[in-house]
**Q** 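Got a structure for you, questions after.
When a residue number appears, it is its place in the shown sequence, counting from 1.
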Amino acid sequence: MTQDFDPGAFKESTRQQWQNAAAAWYRWTPTLQAWLGPVTNAMLEMARLQPGDRVLDLAAGAGEPSLSAAERVGPSGHVLATDISSNILEFAALTAKERGLSNFETRVMDGENPDVADESFDAVLSRLGLIYFPDRKGALRAAKRVLRSGGRVAIASFTTPDQNRFFSIPISIIRRRAQLAPPTPGLPGPFSLGAPGVMEEMLSAAGFGDVSSQLVPTQLRLASAAECARFERESFGALQQMLASLPVDEQEAAWAEIAHELGAFQTDAGFAAGAELIVGAGTR
């Protein structure tokens, strides 16, 4: 951690971002499902979920992968979806009710310090959540604590900026316009576990065995580059936070530039940008 990084302030800022972006994230569910569905499937396979398993989802957001996990473990299993944002968990609970999932529970909780009993779960999941934790190593050690012997952890991260340009392009534009310093290595962020070997090393350092990883290429598809800019503007709270210091007209100019640059992924069939994620897993 750098000297001027305040984990508590960062965590509160993140919580507020998701309190504000929760409804938008839920509205974009069809886009998210089509885009991140392959990642969810890879996580559930690597977690080796079985009917009757108990599953803990850290930073579950609006409910994935925990909703899919609840369907897989069945009525005899149980899924606890946790997040620091109460607003976004309300949408997870709503979707579970709509799907008739009686084995699904939500609870506001800090994923770095899960308030659950030792050795009480068969699997711990985190899809694009743990990457934003200030103390990722501590969170993985906590995940190991709550797992039963033989239990599995499965986490997902974006890989590298060059393989996820739909996201790295807006970040670079915003950093330049808001005059933000380059990201410091080791801090939380979308690519914090994505470089080769980083995820595997962190899982091993937390005490997990049988560590493995899988690259998951996918496509973010939308009607147009303008719609992609709107998707990111509404749903990616971190981008809004990065722009917060600028006057409204300069924020609008930044989003206009983002939409223009994302036009590189515009095709006759619509917007299609490649993305690459990594899923890492290990056994307690």
Side-chain angles (χ1 to χ4, degrees), residues 14 32 35-50 53-61 63-69 72-73 79-83 110-114 119 121-164 167-168 183 185-218 220 274-284:
T14 301
L32 292 163
W35 171 38
L36 296 176
V39 181
T40 293
N41 292 338
M43 292 180 70
L44 301 188
E45 288 298 319
M46 293 178 74
R48 301 173 189 167
L49 294 188
Q50 301 293 325
D53 279 353
R54 290 178 53 84
V55 180
L56 173 65
D57 188 355
L58 302 177
E64 287 293 358
S66 47
L67 291 162
S68 295
R72 186 166 296 206
V73 302
V79 174
L80 175 60
T82 68
D83 203 282
D110 182 349
E112 289 184 355
N113 300 288
E119 301 182 26
F121 290 91
D122 301 289
V124 175
L125 309 174
S126 186
R127 190 188 78 178
L128 304 180
L130 185 133
I131 54 176
Y132 292 105
F133 289 9
D135 185 9
R136 296 174 296 292
K137 292 179 181 178
L140 284 173
R141 288 192 294 268
K144 183 172 180 285
R145 172 184 67 80
V146 307
L147 282 170
R148 295 168 178 158
S149 178
R152 297 276 288 172
V153 63
I155 56 178
S157 170
F158 294 108
T159 55
T160 55
D162 61 303
Q163 296 298 320
N164 294 277
F167 200 3
S168 60
L187 292 184
F191 311 111
S192 60
L193 296 180
V198 171
M199 182 174 288
E200 297 90 336
E201 180 182 346
M202 193 165 286
L203 285 165
S204 296
F208 289 98
D210 188 24
V211 172
S212 62
S213 66
Q214 177 183 339
L215 292 177
V216 183
T218 185
L220 174 59
E276 184 182 73
L277 293 93
I278 182 170
V279 177
T283 303
R284 182 187 192 279

**Q** Under the criterion side chain to side chain contact (heavy atoms under 4.5 Å, CB included), I'd like the reasoning laid out for Leu277 against Leu36: C-alpha separation, chi angles, the key distance, then a yes or no.
**A** CA-CA 9 Å; Leu277 293 93; Leu36 296 176; 4.2 Å; yes
**Q** Could you grab the distance from atom CE of Met202 to atom CG of Leu140, nearest 0.5 Å is fine?
**A**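 One gets 7.0 Å once the value is rounded to the nearest 0.5 Å.
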**Q** Val39 vs Leu128, test: side chain to side chain contact (heavy atoms under 4.5 Å, CB included). Steps then yes/no.
**A** CA-CA 10 Å; Val39 181; Leu128 304 180; over 6 Å; no
**Q** To the nearest 0.5 Å, what is the distance between CD (Glu64) and CG (Leu44)?
**A**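 Rounded to the nearest 0.5 Å, the CD-CG separation comes to 8.0 Å.
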**Q** Can you tell me how far OG1 of Thr14 sits from OH of Tyr132, rounded to the nearest 0.5 angstrom?
**A**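 Rounded to the nearest 0.5 Å, the OH-OG1 separation comes out at 9.0 Å.
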**Q** Between atom OG of Ser168 and atom CD of Gln163, what is the distance when rounded to the nearest 0.5 Å?
**A**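 CD of Gln163 is found 9.5 Å from OG of Ser168.
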**Q** How many angstroms lie between OG1 in Thr218 and CH2 in Trp35, if you round to the nearest 0.5 Å?
**A**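 The distance works out to 8.5 Å.
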**Q** I need the full list of salt bridge (charged side-chain N to carboxylate O under 4.0 Å, His left out) pairs touching residues 39-48, with sequence neighbours left out, sorted by first then second residue.
**A**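 Passing the test, one end in residues 39-48: Glu45-Arg72, Arg48-Asp210.
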**Q** Applying side chain to side chain contact (heavy atoms under 4.5 Å, CB included) to Phe167 and Leu220, what does each step give before you reach the verdict?
**A** CA-CA 11 Å; Phe167 200 3; Leu220 174 59; over 6 Å; no
**Q** Rounded to the nearest 0.5 Å, how far apart are CZ of Arg141 and CD of Glu112?
**A**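 Those atoms lie 10.5 Å apart.
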**Q** Identify the two heavy atoms, one from Val79 and one from Ala69, that lie closest to each other, and give their separation to 0.1 Å.
**A**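 Closest pair (atom of Val79, atom of Ala69, distance): CG2-C, 4.0 Å.
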**Q** For Phe158 and Ile278, which heavy atoms make the closest approach, and how far apart are they?
**A**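 Smallest interatomic distance, heavy atoms only, reads O-CG2, 4.4 Å.
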**Q** Hey, is CD on Glu201 packed in by over 12 heavy atoms from elsewhere, all under 6.0 Å?
**A**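 Atom CD in Glu201 is not crowded, with 12 or fewer foreign heavy atoms closer than 6.0 Å.
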**Q** Salt bridge check: are Arg148 and Asp122 linked by an N-O gap of less than 4.0 Å?
**A**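 Looking at Arg148 and Asp122, the cut-off is met.
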